[in-house]
Amino acid sequence: MSYENLSLIQGSGWLFRDLDIHIGPRDRLALIGRNGAGKTTLLRLIADQIEADTGTRSIKPGTKVVMLEQEPDVARFGTLIDFALHGDDAPERHDVEAIADQLGIDLDREAARASGGEKRRAAICRALAQKPDLLLLDEPTNHLDLSAIDWLESWLSRYNGAFVTISHDRTFLTRLTKQTLWLDRGSLRRQEVGFGGYEAWMEKIYADEAQTAQKMDAKLKIEAHWLERGVTARRKRNQGRLQKLYEMRAARAAMMGPAGAAKLKVVSDDVRTKSVITAENISKSFGEGEEKRTIIRDFSLRIQRGDRIGVVGHNGAGKTTLLKLLTGEIEPDSGTVKLAKTLDGVIIDQQRSLMQPGKRVRDILAEGGDWIDVRGTRKHVQGYLKEFLFDPSMIDTKVGTLSGGERSRLLLAREFARASNLLVLDEPTNDLDLETLDLLQEVIADYDGTVLIVSHDRDFLDRTVTLTLGLDGSGEVDIVAGGYADWEVKRKSEPGKAKAAQKLKTPAQKPKTSGQSRRKLSYKDQRDYDGLPARIEELDKLIAHHESELGDPDLFTTDPARFSQLTKAIEDARDEKDAAEMRWLDLAEQVENMG
């Protein structure tokens, strides 16, 4: 598929102008850009859902293009299966149900009562079952839990077609993409490296622009300075914050009991005075009789001032319940939760309920005025908007005209201005662009109080939290000093717990028929079955490392031999990875058939 001289006017000016796009049959493209840059609009143009003002579109006859919308519209359907099977381009029912079984979604659920995660799963079932040649994914991991994200990553890694994805999930992008499209200030750049090499490429371009602008007029100098200060310098500062985070994790780990213990030891009387939330042997169950299910069992934790707590687990594992217990919103069945008398919390929910379309930006931030109190400091609204990457001229813009990411960013700006010592963030990364995620990381690091974060964004957790609470649905809660990656290491070191968690989150398998025979894999097959997942993971890391080095725009001219060497190494690693994945899938199918 190709677009030439693509242009689109939005409002009073050009959203983008004279863009050229080519998408090959096996491309894996990350579409990167700030909120409001036009990423979703560009996907809709590629999908032929809207028309460009100028430009030509050419596509190979018979190519099927399918778009996974950021917000699937299920409201007009009775059930989720009705939504998945609607329209002239409806997929086959058995294909939809097969994917739904793997994703663990009941498509007979009433659409009006479906959660965000259920709507997203239903949309994935519909999109993938249509068997597209080109798949357009707009924030595909939004509202998905960790097991669903893992499944989607696995499916896309085996997918034979091309895809273009918009995502804030760095881990998702790094693992899957091989090329990058960067939509920036109305122009589109393409680089033949995956997301692993994007940031180095982007920073080099900004640095070159800043150097060029020094020879131009003052206005351009100011813009270049803003770019350098707002992007490159911010990442450099965050490297220092990451070092501080590692030190905090090490200090927290030193306060914990033996590995696997759920209760943190108190090392001094001073620690007790710093405690803001103390949970002692709390348990919580729902249901009665045979339907009774224990969500939290005998859990103890002392949360101190300044802690950054991440809560992870698949949907239904009890993350929200644990959060409500710790903040005093609900009472435990047994045990106690004590909150500091001075605790003053701010909760930022997933629904963004404050973002009423008819209100202006200044209405949200300053109740219609020009000034806002930011944790005791008076600031002009336009100046405060710049701190959250908004153009100050947007002060009177209606909320309804903002993109989903801009609305989320505006809500963060409003809530972070309030004086508080406890911040509760429920899926804060949904709809945010990568630069805003860097900003959010910075704001959390500088926040004086305690932070509780529920998130499925693995990279974000690794960059922000000092403790991770991991739930597997059994009632047990792992406490790990560190982020998501540290929790994953702990789970892998406890095979029994990992298997129990997998059993809880995987749909029940159909019973084996009597005609199925029990056999064993050969020694070589068993060795490959056990060892290939680790090898595939090694290859993913190798590809990302090479792509990061290849992201240097000057490498081709300064060291063409190294450029060729890296290109060949990436190609060989991808070929090996593809072969390893196919081999493992064949073996997994054999194992399943053996029962």
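Just so you know, these numbers use all the heavy atoms, side chains as well, and skip hydrogens, waters and symmetry mates.
Side-chain atoms of Asp462 come within 3.5 Å of backbone atoms of Tyr484 as a donor-acceptor pair (strictly under, hydrogens ignored). One N or O on the side chain of Arg126 and one on the backbone of His86 form a donor-acceptor pair closer than 3.5 Å. Using a distance-only test at 3.5 Å, with no hydrogens or angles considered, no donor-acceptor pair links the side chain of Asp344 to the main chain of Ser420. No donor-acceptor distance shorter than 3.5 angstrom exists from the side chain of Arg175 to the backbone of Glu153, with no hydrogens or angles considered. Judged purely by atom type and a 3.5 angstrom limit, Arg120 uses its side chain to pair as donor or acceptor with the backbone of Gln70. A side-chain donor-acceptor contact under 3.5 Å links Lys39 to the backbone of Gly33. A donor-acceptor pair under 3.5 Å is absent between the side-chain atoms of Glu427 and the main chain of His143, judged by distance alone. Between the side chain of Thr464 and the backbone N or O of Ala445, no donor-acceptor pair lies under 3.5 Å.
With a 4.5 Å cut-off on side-chain heavy atoms, Leu136 and Asp138 do not count as touching. In this structure, the side chains of Leu440 and Phe460 come closer than 4.5 Å at one or more pairs of heavy atoms. Within the 4.5 Å cutoff, side-chain heavy atoms of Leu173 are placed close to those of Ile32. Put simply, the side chain of Asp459 does not reach to within 4.5 Å of the side chain of Thr174, judged on heavy atoms. Taking the side chain as every heavy atom from C-beta outward, Val399 and Arg407 approach each other to under 4.5 Å. Side-chain contact between Lys324 and Lys284 is absent, with no heavy-atom pair separated by less than 4.5 Å.
A donor and an acceptor atom, one from each side chain of Ser147 and Asp145, are located under 3.5 Å apart. Side-chain N/O atoms of Asp391 and Ser393 include a donor and acceptor closer than 3.5 Å.
For the atom pair Leu469 CG and Leu301 CG, the distance stands at 6.0 Å (nearest 0.5 Å). If you take OG1 on Thr141 and CG on Asp150, they are separated by 11.5 Å, rounding to the nearest 0.5 Å. Note: Tyr198 OH to Thr180 OG1 = 8.5 Å, rounded to the nearest 0.5 Å.
Taking each heavy atom of Phe195 and Arg170 in turn, the nearest pair found is CE2-CG, 3.6 Å.
In Asp396, the CG atom is crowded: over 12 heavy atoms of neighbouring residues, nucleotides or ligands sit closer than 6.0 Å. Counting heavy atoms of neighbouring residues, nucleotides and ligands inside a 6.0 Å radius, atom CD of Glu331 does not exceed 12 of them.
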Q: Evaluate side chain to side chain contact (heavy atoms under 4.5 Å, CB included) for Ile303 paired with Leu452, printing each intermediate quantity in order.
A: CA-CA 10 Å; Ile303 299 176; Leu452 301 179; 4.1 Å; yes
